[in-house]
Structures are given as C-alpha cells and as structure tokens.
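Notes for the one structure printed next.
Everything numeric here is computed off the predicted structure, so don't read it as measured data. These values consider heavy atoms only, across backbone and side chains, with no hydrogens, waters or symmetry-generated copies.
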Amino acid sequence: QVRLVESGGGLVQVGGSLRLSCSVSGGTFSSYAMGWFRQAPGKERDFVAAISWIGGSTLYADSVKGRFTISRDNAKNTVYLQMNSLKPEDTAVYYCAARLGATTVQGYDYWGQGTQVTVSS
C-alpha cells in the first residue's frame, strides 16, 4: 500500500518562504509522477505543481509560476515544494499525490493527508 506523508506546513508572513516535503513509502517511488495540490476553505482542490518520475518535466499552475518550485529526490523517496514570495491567497491545505504514468494536472491515484499553510498579512 502506497503511503504519502506531507510535512513542513505552518504559519508564515506575506513574502516569506516555506518548503513542503512529501515522503512516500510502500511503492516504487521512482515510478510515480508526483503532484502538489491545495484546497482553501470553501473551495475546490486545485492543482499546484507536478513533476515527472525522472524529474525532467515539471508543470505549474499559473498562480504559482515563478514563485514555487517542485523537485524530487528519488534516493530519499521524497518530493518537495519550495514556496517563495508567499501571498495570503496561498493559504490552504496542501496535499501531495502520486500517479503512475505521465505528468498531469489530474488523475492521481494516491494522496496524502495534507499539511496546512497559512500566510498572514
């Protein structure tokens, strides 16, 4: 059974930075495309970023381009989301997800429980 555990969330001021981590166990991590999603209160869960299984291809939502960077370390079974220049609208629960196959904005098979990110003004 594949298990994803996010960490690194917290409270940060506007303009600050956070790095989220997602540790994956129970599967062949290097086989999965990995994604980050977020859900703000009262809103649907939205795509944030994704990275291919080998790390050579990335996708970003327009709202985070230039501010967020997704990366992965296959030796550590971990995917990261570096978030810079944070804005109040980035406040949400952030989820990591895994899927076999292509790097996409949807169609993920496995999900973590989420980590809260709060950006205060």
Side-chain angles (χ1 to χ4, degrees):
Q1 183 177 358
V2 179
R3 183 168 181 249
L4 289 72
V5 179
E6 302 95 336
S7 61
L11 175 65
V12 64
Q13 291 187 333
V14 169
S17 298
L18 281 175
R19 188 177 82 155
L20 305 183
S21 300
C22 175
S23 177
V24 180
S25 61
T28 306
F29 178 72
S30 59
S31 299
Y32 297 115
M34 299 297 299
W36 284 97
F37 294 75
R38 66 187 181 186
Q39 186 168 20
K43 296 187 177 182
E44 294 184 352
R45 187 161 55 189
D46 292 329
F47 169 78
V48 175
I51 188 166
S52 62
W53 66 274
I54 200 171
S57 176
T58 56
L59 294 172
Y60 293 96
D62 288 343
S63 59
V64 306
K65 280 181 182 177
R67 300 188 298 123
F68 290 11
T69 302
I70 188 171
S71 62
R72 66 189 294 161
D73 185 338
N74 285 351
K76 296 182 178 180
N77 288 3
T78 302
V79 63
Y80 305 97
L81 186 68
Q82 177 67 44
M83 305 185 296
N84 299 328
S85 302
L86 284 161
K87 305 175 181 180
E89 52 264 42
D90 295 319
T91 295
V93 177
Y94 282 71
Y95 299 89
C96 73
R99 73 183 303 273
L100 291 170
T103 309
T104 67
V105 302
Q106 60 185 0
Y108 284 75
D109 303 304
Y110 306 102
W111 294 85
Q113 293 300 305
T115 185
Q116 176 71 46
V117 171
T118 303
V119 183
S120 67
S121 54

Within this structure, what is the CG-OG distance for the pair L86 and S120, rounded to the nearest 0.5 Å?
10.5 Å
Which value, rounded to the nearest 0.5 Å, describes the distance between Q106 atom CD and F37 atom CZ?
8.5 Å
Give a yes or no answer on whether the side chain of T28 reaches the backbone of S30 with a donor-acceptor pair at less than 3.5 Å.
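Not at all, since once roles are kept as given, no pair shorter than 3.5 Å links the two residues.
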Heavy-atom donor-acceptor pair, R72 side chain to A33 backbone, under 3.5 Å:
no
Under a 4.5 Å side-chain heavy-atom rule over Ile, Leu, Val, Met, Phe, Trp and Tyr, are [X] and [Y] clustered together?
| X | Y | result |
| --- | --- | --- |
| Y110 | V48 | yes |
| I70 | L100 | yes |
| I51 | L18 | yes |
| Y95 | V24 | no |
| V93 | L81 | no |

Closest non-hydrogen atom pair between [X] and [Y], with its separation:
| X | Y | value |
| --- | --- | --- |
| R99 | D109 | CA-OD2, 3.6 Å |
| A50 | Y108 | CB-OH, 3.3 Å |
| A92 | Q116 | O-NE2, 3.4 Å |
| D73 | F29 | O-CE2, 3.8 Å |
| C96 | L4 | SG-CD2, 3.5 Å |

Between Y94 and F68, what is the ring plane arrangement, given parallel below 30°, perpendicular above 60°, and tilted in between?
tilted
[X] vs [Y] side-chain heavy atoms within contact, under 4.5 Å:
| X | Y | answer |
| --- | --- | --- |
| W111 | R45 | yes |
| L20 | E6 | no |
| Y32 | V79 | no |

Heavy-atom neighbours of L11 CG exceed 12 at 6.0 Å:
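Enclosed: over 12 neighbouring heavy atoms sit under 6.0 Å from CG of L11.
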Inspect the surroundings of CD in Q39 and state if more than 12 heavy atoms from other residues, nucleotides or ligands are less than 6.0 Å away.
yes
Side chain to side chain contact (heavy atoms under 4.5 Å, CB included) assessment of T69 paired with Y60
CA-CA 8 Å; T69 302; Y60 293 96; 3.8 Å; yes
What verdict does the side chain to side chain contact (heavy atoms under 4.5 Å, CB included) test give for M83 and V64, after you've listed the backbone C-alpha separation in whole Å, the side-chain angles of each residue and the deciding distance to 0.1 Å?
CA-CA 8 Å; M83 305 185 296; V64 306; over 6 Å; no
Taking only residues at least two apart or on different chains, which pairs with a member in residues 32-87 satisfy disulfide bond (SG atoms under 2.5 Å apart)?
none
Going by side chain to side chain donor-acceptor pair (under 3.5 Å), name the pairs with one or both residues in residues 77-91, residues two or more places apart or in two chains.
S17-N84, R38-D90, R67-D90, Q82-N84
Set of salt bridge (charged side-chain N to carboxylate O under 4.0 Å, His left out) partners for K65, sequence neighbours left out:
D62
If you apply the rule side chain to side chain contact (heavy atoms under 4.5 Å, CB included), what do you find for L59 with F47, and how did you get there?
CA-CA 10 Å; L59 294 172; F47 169 78; 3.8 Å; yes
